[in-house]
Engineer: 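Please see the structure below; I have some questions.
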Amino acid sequence: MEKFTGKVWVLGDDIDTDIIIPTEYLALKTIDDMKQYGFSPLRPELAGQIQKGDIIVAGKNFGCGSSREQAPEIIKALGIQCVIAKSFARIFFRNSINNGLLLIEQPDLHKDVKEGDSVTVVMNEHVDYNGKQYPIASLPENLMSIIQAGGLVKAMRKLNGLD
């Protein structure tokens with residue numbers, strides 16, 4: 001059973017891909033060049049404050065908007081180890097899995113958690129916060145293997161003996 005802990009950044013409902021990475025920064029050459037502008041329309045300082053291993057806890061419909069793959073890539077490049085939200089936009093969910101970003105749906109944590117606090121995720125079981133357990137669904141084994149490999153391309157390379 002995998003278990004990890006991270007500092008929480010709290011975001012609201014309907015965080016769209018234009019908030020995650022605004023269109024004007026998509027012309028930059030690399031994800032590393034873009035990541036400093038992550039979440040800038042909402043909180044310009046946020047990308048510079050996030051540390052490796054932090055966790056985003058958000059409301060409903062996280063990742064709505066366009067289907068740009070840079071959105072989950074930016075979140076991952078910032079060092080976020082997972083996003084826990086009430087719900088995710090479908091195409092963002094798939095793009096995140098394809099890029100190796102773990103997403104967890106949990107309907108109740110958002111209303112209780114405070115920014116700066118820590119949560120512990122016990123994979124495929126629950127999230128621990130302030131002595132309370134928030135149940136989470138198990139992700140299918142095939143999706144977990146893609147996330148653990150670091151994304152779909154890496155998973156397929158590994159499966160086919162190329163790495």
Engineer: Could you give all pairs that pass the ring-ring contact (aromatic ring centres under 6.0 Å, His included) test and reach residues 98-120, with sequence neighbours left out?
Structural biologist: none
Engineer: Residues in side chain to side chain donor-acceptor pair (under 3.5 Å) with Asn98, at least two apart?
Structural biologist: Arg94
Engineer: Applying salt bridge (charged side-chain N to carboxylate O under 4.0 Å, His left out), name anything that partners Arg157, two or more places apart in sequence or on another chain.
Structural biologist: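 Arg157 satisfies salt bridge (charged side-chain N to carboxylate O under 4.0 Å, His left out) with Asp163 only.
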Engineer: Under 3.5 Å, is there a donor-acceptor pair between the side chain of Thr17 and the main chain of Ser66?
Structural biologist: yes
Engineer: Can you confirm whether Ile84 sits close enough to Val121 that some side-chain heavy atom of one is under 4.5 Å from a side-chain heavy atom of the other?
Structural biologist: yes
Engineer: List for me each residue that meets salt bridge (charged side-chain N to carboxylate O under 4.0 Å, His left out) alongside Lys111, sequence neighbours excluded, and say none if there are none.
Structural biologist: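 With neighbours one apart ignored, the set is Asp108.
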Engineer: Kindly say whether Ser67 contributes a backbone atom to a donor-acceptor pair with the side chain of Asn95 at under 3.5 angstrom?
Structural biologist: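 Looks like yes, one N/O pair under 3.5 Å.
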Engineer: Quick check: do Phe62 and Ile75 have side-chain heavy atoms less than 4.5 Å from each other?
Structural biologist: yes
Engineer: What residues, two or more places apart in sequence or in another chain, satisfy side chain to side chain donor-acceptor pair (under 3.5 Å) together with Ser96?
Structural biologist: none
Engineer: Not counting sequence neighbours, which residues clear side chain to side chain donor-acceptor pair (under 3.5 Å) with Thr5? List them please.
Structural biologist: Thr120
Engineer: Of all residues at least two apart in sequence or in a different chain, which pass the side chain to side chain donor-acceptor pair (under 3.5 Å) check with Glu115?
Structural biologist: Arg43
Engineer: Could you give all pairs that pass the ring-ring contact (aromatic ring centres under 6.0 Å, His included) test and reach residues 9-57, with sequence neighbours left out?
Structural biologist: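 Non-adjacent pairs meeting ring-ring contact (aromatic ring centres under 6.0 Å, His included): Tyr25-Tyr37.
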Engineer: Can you sort out the partners of Arg68 under salt bridge (charged side-chain N to carboxylate O under 4.0 Å, His left out), two or more places apart, ordered by chain and number?
Structural biologist: Asp18
Engineer: Using residues 135-151 as the side-chain source, report each donor-acceptor pair under 3.5 Å to any protein atom, sequence neighbours left out, with the distance given to one decimal.
Structural biologist:
from	atom 1	to	atom 2	distance (Å)
Ser138	OG	Asn124	O	3.2
Ser145	OG	Asn142	O	2.8

Engineer: Residues in salt bridge (charged side-chain N to carboxylate O under 4.0 Å, His left out) with Asp14, at least two apart?
Structural biologist: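 Listed in chain order: Lys60.
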Engineer: Between Gln51 and Lys7, is a side chain to side chain contact (heavy atoms under 4.5 Å, CB included) present by the stated rule, with each step listed?
Structural biologist: CA-CA 8 Å; Gln51 300 292 312; Lys7 176 183 168 185; 5.9 Å; no
Engineer: My understanding is that only residues two or more places apart in sequence, or in another chain, count here; which of them pass side-chain contact (heavy atoms from CB on, under 4.5 Å) with Glu105?
Structural biologist: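 Testing Glu105 for side-chain contact (heavy atoms from CB on, under 4.5 Å), a comparison that skips the adjacent residues, returns Ser87, Phe88.
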Engineer: Please assess Leu102 against Met123 for the test side chain to side chain contact (heavy atoms under 4.5 Å, CB included), listing each intermediate value before the final yes or no.
Structural biologist: CA-CA 10 Å; Leu102 176 62; Met123 277 306 302; 3.6 Å; yes
